[in-house]
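Position 1 is the first residue of the sequence, and the numbers go up from there.
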Amino acid sequence: MDNSSVYVFSALFCITLFCFLVVRIYSIRHKSGNSPRREDGIAWILKNRMAKGEIDEQEYSQLKDLPTK
C-alpha cells in the first residue's frame, strides 16, 4: 500500500469526523434553543403539577411569583 494513500485516507477520515462533530454540536444547541425561557418553563411545570392535583391554586401563584423575586 502506498504511503500517500494512507495520508489521504487519514485526512479524509479526520475531515469527516470533524464535520460530524460540528453537525452534532449544532443540532444539540439548536434543539435546546427552541426550549422556552426559564420563567416559561417554571410556569409550565407548575401548571402541570396543578393539573395533576399536586398543588392548589394558592401554591401555584406563590411558586410562580417566587423566581421573579
Side-chain angles (χ1 to χ4, degrees):
M1 191 170 191
D2 191 29
N3 279 343
S4 62
S5 63
V6 172
Y7 293 127
V8 171
F9 176 78
S10 59
L12 288 175
F13 178 78
C14 289
I15 290 170
T16 305
L17 183 63
F18 177 76
C19 291
F20 174 77
L21 291 174
V22 168
V23 168
R24 284 295 295 162
I25 291 170
Y26 179 80
S27 66
I28 289 170
R29 286 186 177 226
H30 282 295
K31 212 180 272 188
S32 64
N34 292 337
S35 63
R37 294 187 328 248
R38 179 171 166 77
E39 292 82 18
D40 293 342
I42 292 172
W44 181 80
I45 291 170
L46 291 174
K47 284 180 185 177
N48 282 338
R49 288 186 64 194
M50 189 170 70
K52 291 178 184 177
E54 295 175 4
I55 60 174
D56 58 3
E57 288 183 44
Q58 183 181 8
E59 279 183 295
Y60 171 79
S61 61
Q62 287 174 349
L63 292 172
K64 184 179 169 190
D65 295 335
L66 188 64
T68 57
K69 291 181 180 179

- Query: What distance separates Leu12 CG from Leu17 CG, expressed to the nearest 0.5 Å?
  - Reply: 12.5 Å
- What pairs with Gln58 under side-chain contact (heavy atoms from CB on, under 4.5 Å), at least two apart in sequence or on another chain? Asp56, Gln62
- Message: Starting from Val22 and following side-chain heavy-atom contacts under 4.5 Å between hydrophobic residues (I, L, V, M, F, W, Y), which residues can be reached?
- Response: Phe18
- Task: With sequence neighbours excluded, tell me which residues meet ring pair (Phe, Tyr, Trp, His ring centres under 6.0 Å) with Phe20.
- Result: none
- Note on the structure: Looking only at heavy atoms, the pair that brings Leu63 and Ile55 closest together is CD1-CD1, 4.5 Å
- Pairs involving residues 42-54, ordered by first then second residue, that meet salt bridge (charged side-chain N to carboxylate O under 4.0 Å, His left out) (sequence neighbours left out): Arg49-Glu54
